[in-house]
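Note that the structure is predicted; figures quoted are calculated from it, not measured. Throughout, a chain's letter reflects where its sequence line sits, starting with A, and its residues are numbered from 1.
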2 protein chains.
Amino acid sequence: MTQATPRRGRRPGAPDTRAAILAAARELFAAQGYAGTSVRSIGAAAGVDGSLVHHYFGTKDDLFLAALELPVDPREMLADVVALGPDGAGERMLRVFLAVWDDPELRLPLLGLARNMLEPSGHRLLTEGFLPAILQPIGVALGVDRPEVRMPLLATQVVGLILMRYLLEVDPIASMPAEDVVAVFAPTIQRYLTGPLP
Amino acid sequence: MTQATPRRGRRPGAPDTRAAILAAARELFAAQGYAGTSVRSIGAAAGVDGSLVHHYFGTKDDLFLAALELPVDPREMLADVVALGPDGAGERMLRVFLAVWDDPELRLPLLGLARNMLEPSGHRLLTEGFLPAILQPIGVALGVDRPEVRMPLLATQVVGLILMRYLLEVDPIASMPAEDVVAVFAPTIQRYLTGPLP
DNA sequence: AGCACAATTCAACACATGGTGAATAACGCG
DNA sequence: CGCGTTATTCACCATGTGTTGAATTGTGCT
């Protein structure tokens, strides 16, 4: 019985190997974080050698950034949150966040992003990306007073909720229906948006 | 010029090397997390060889657990939170949390704990330690209804606040006076304790 | 048919890691 | 003084890492 499959060269089995590698990278980065995921393991999960990963995506850092890329602009999704003014904006915002995190196409990149929040790279993405580039403009567009205080306040609740619901998956937060999540947390967020400040 | 310092054997310079190693471990684990900290770097920070770290504390995991050990029982500090019943318990609890995190002796172990929240080991410490062993009993002792729902709700806000204030150090949350933190977040926490549930 | 090119694997390098074991120097106690 | 014990470093080992480069095979174009 001869070895039918060649040991080197092209193996035209997979339809699009590049996409498979990227998907595997998303999966593993989301599940185990950047440091906890090796290039070789990504290759293995995609059924190819680790070198091929490097061949397609360059360095591990490059691959990480590619895996984090969102297929849509998050600001666009929050456009109609802003449109209707600050009344009820807390609830609308919360609904968008939940919808985004429940979108299977967005979930893995977001998980990869969030799971690396505590490492320096992800730390920067949060403090230089999410907060000033997304949250802060929303506050300004809503016309609330002192958005530079209110939006970080709001962020504490949103980040904590995301963390417990999607990353740590702590019950009963993780298994709570979206409607209940909105019912519980919308008042809090609304209070940070329009309530009293010290 | 002869080499005065011996190259092997005892170097009685440091008064208590063991304590220095533990302190360095706390510092580095808190700043860079478990995976990001090497045994050798801990040794270097304490001015000794990496082997000595292993000699004193055993495996890296053992050292990590030793570095996380709190010098007091956190339940004890929360005793008088429970004593006065659920009215105003949100504010009292928040004050205890802030006091604990502002205690320089407790801060490093807590940071080390929190920074590893997202890795499997720290994940277990949160979901099997903090939540059921500390928060849940408080809810029960306070006599609130459905503590298994209310305490995780409360945890989302506490965790998010801790994260932004002490780990990510996002302004203005990080630089806010404790009194203002209480003023802003106590109503939220109180609402999760005694407010309406869906 | 022939040839460039893309896809893929293998072998290897340089490096960092956690851990082990032996060697050596100083201390404390008799 | 002598001796055991402790503190400490050094030299390795096995392993896993990211990355590189060469080798090989298939595809598609002319």
Side-chain angles (χ1 to χ4, degrees), chain A residues 2-26 28-29 31-68 112 116 119-121, chain B residues 2-26 28-29 31-68 112 116 119-121:
Chain A
T2 68
Q3 181 87 10
T5 47
R7 300 160 51 83
R8 293 264 182 108
R10 178 162 204 176
R11 191 201 53 186
D16 194 349
T17 310
R18 198 192 138 96
I21 292 174
L22 188 59
R26 287 221 168 93
L28 290 179
F29 281 140
Q32 318 171 357
Y34 179 82
T37 303
S38 75
V39 175
R40 281 175 169 87
S41 78
I42 293 174
V48 299
D49 190 272
S51 312
L52 196 60
V53 176
H54 185 266
H55 172 65
Y56 277 126
F57 292 96
T59 185
K60 186 186 179 185
D61 250 324
D62 298 338
L63 173 57
F64 185 58
L65 293 182
L68 254 49
N116 291 274
E119 280 166 276
S121 62
Chain B
T2 69
Q3 181 86 11
T5 47
R7 300 158 52 83
R8 293 266 182 105
R10 178 160 204 180
R11 191 202 53 187
D16 193 350
T17 310
R18 199 191 137 96
I21 292 174
L22 188 58
R26 287 222 169 91
L28 289 179
F29 281 140
Q32 317 172 356
Y34 179 82
T37 304
S38 75
V39 175
R40 280 174 169 86
S41 78
I42 293 174
V48 299
D49 190 272
S51 308
L52 196 58
V53 176
H54 184 264
H55 172 65
Y56 277 126
F57 291 97
T59 185
K60 186 187 179 184
D61 251 325
D62 298 338
L63 173 58
F64 184 59
L65 293 182
L68 255 48
N116 290 275
E119 280 167 274
S121 62

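Contact annotation: Ser38(A) side-chain N/O to dT17(D) OP1/OP2 distance is under 4.0 Å. Contact check, Thr17(A) against dT8(C): a side-chain N or O comes under 4.0 Å of OP1 or OP2.
Within the nucleic acid shown, Thr37(A) comes within 4.0 Å of sugar-phosphate atoms alone, with no base atom in reach, counting heavy atoms only.
Atom pair Leu52(B):CG and dT20(C):P shows a separation of 15 Å (rounding to whole Å applied). The distance from atom NZ of Lys60(A) to atom P of dG18(D) is 4 Å, rounded to the nearest whole Å. A straight line from CG of Leu63(B) to P of dT17(C) spans 15 Å, rounded to a whole angstrom. If you measure from atom CG of Asp61(B) to atom C1' of dT17(C), you get 14 Å, rounded to the nearest angstrom. With rounding to whole Å, Asp49(A) atom CG is found 11 Å from dT8(C) atom P. Spacing between atom OH of Tyr56(B) and atom C1' of dT6(D) amounts to 8 Å, rounded to whole angstrom units. The distance from atom CZ of Phe57(B) to atom P of dA7(D) is 12 Å, rounded to the nearest whole Å.
For His55(B), the listed nucleotide lying nearest its side chain is dA7(D); candidates were dG18(C), dA7(D), dT20(D). Between dC10(C), dT8(C), dG18(C), one nucleotide has an atom nearer to the side chain of Val39(B) than all others, and that is dG18(C). Nearest nucleotide to the side chain of Ser51(A), out of dT9(D), dT17(D), dT20(D): dT20(D). Minimum atom distance to the side chain of His54(B) is reached by dT20(C), of the listed dT9(C), dA7(C), dT20(C).
Side-chain atoms of Arg40(A) come within donor-acceptor range of the base of dG18(D), with a qualifying N/O pair under 3.5 Å.
Between the CG atom of Leu63(B) and the CZ atom of Arg26(B) there is a distance of 9.5 Å, given to the nearest 0.5 Å.
Relative ring orientation between Phe29(A) and Phe64(A) is described as perpendicular, the plane-to-plane angle rising above 60° on a 0-90° scale split at 30° and 60°.
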